[in-house]
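All of these numbers come straight from a predicted model, not from anything done at the bench.
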Amino acid sequence: MMNSSLRLLRIAAAVELATLLVLLINLATVHWPAVASLTGPTHGCAYLFIIVFTVRRPDTTPRTRALAVLPGIGGLLVLRRLAQRTTETPRAV
């Protein structure tokens, strides 16, 4: 279950970053409205998915939740933080 949810997060992070790049390149070059109207909502959905996914996970810290709201790279940063948490070794008390 955990791997499949992280897989969805990986997909959403890749889609969010890719669509943001397409939007920015389109804005800087030809500025075709069709490109913006197609990729804009896709980017927004991926962005919101990452935020909701991160906030609803019980094992995320406030810092991880704050990273999720960064456009473009937030999903990748959340993935990195979650991977670090799963590979950390427990400290002896």
For the [atom1] atom of [X] and the [atom2] atom of [Y], what is their distance to the nearest 0.5 Å?
{"X": "Arg56", "Y": "Ile51", "atom1": "CZ", "atom2": "CD1", "answer": "14.5 Å"}
{"X": "Leu21", "Y": "His43", "atom1": "CG", "atom2": "NE2", "answer": "10.0 Å"}
{"X": "Arg81", "Y": "Leu76", "atom1": "CZ", "atom2": "CG", "answer": "14.5 Å"}
{"X": "Phe49", "Y": "Leu8", "atom1": "CZ", "atom2": "CG", "answer": "5.0 Å"}
{"X": "Thr39", "Y": "Trp32", "atom1": "OG1", "atom2": "CH2", "answer": "12.5 Å"}
{"X": "Ser5", "Y": "Leu82", "atom1": "OG", "atom2": "CG", "answer": "9.0 Å"}

Grouping ILVMFWY residues whenever side-chain heavy atoms fall under 4.5 Å, the cluster of Val15 otherwise contains Ile11
Residue pair Thr61 / Thr64, side-chain donor-acceptor N/O under 3.5 Å
yes
Just by distance, with hydrogens left out, do Thr54 and Arg65 show a side-chain donor and acceptor under 3.5 Å apart?
no
Measure the shortest side-chain to side-chain distance between Cys45 and Glu16 over non-hydrogen atoms and say whether it is less than 4.5 angstrom.
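Heavy-atom side-chain distance check fails, nothing below 4.5 Å.
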Can a donor-acceptor pair be found, under 3.5 Å and without considering hydrogens, that links the side chain of [X] to the backbone of [Y]?
{"X": "Thr42", "Y": "Leu38", "result": "yes"}
{"X": "Tyr47", "Y": "Val69", "result": "yes"}
{"X": "Arg85", "Y": "Arg80", "result": "no"}

For a quick test of reading the model, state the closest non-hydrogen atom pair linking Ala12 to Ala46 and the distance between them.
O-CB, 3.7 Å
Taking all non-hydrogen atoms of both residues, which atom of Leu79 and which atom of Ala13 are closest, and how far apart?
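In this case the closest contact between Leu79 and Ala13 is CD1-CB, 4.1 Å.
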Indicate if Ile25 and Val30 have the same hydrophobic cluster label, given that clusters are the connected sets of ILVMFWY residues with side-chain heavy-atom separations under 4.5 angstrom.
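Result: no, two separate clusters.
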Can Leu9 and Ile50 be said to form a side-chain contact (heavy atoms from CB on, under 4.5 Å), step by step?
CA-CA 7 Å; Leu9 181 60; Ile50 290 168; 3.9 Å; yes
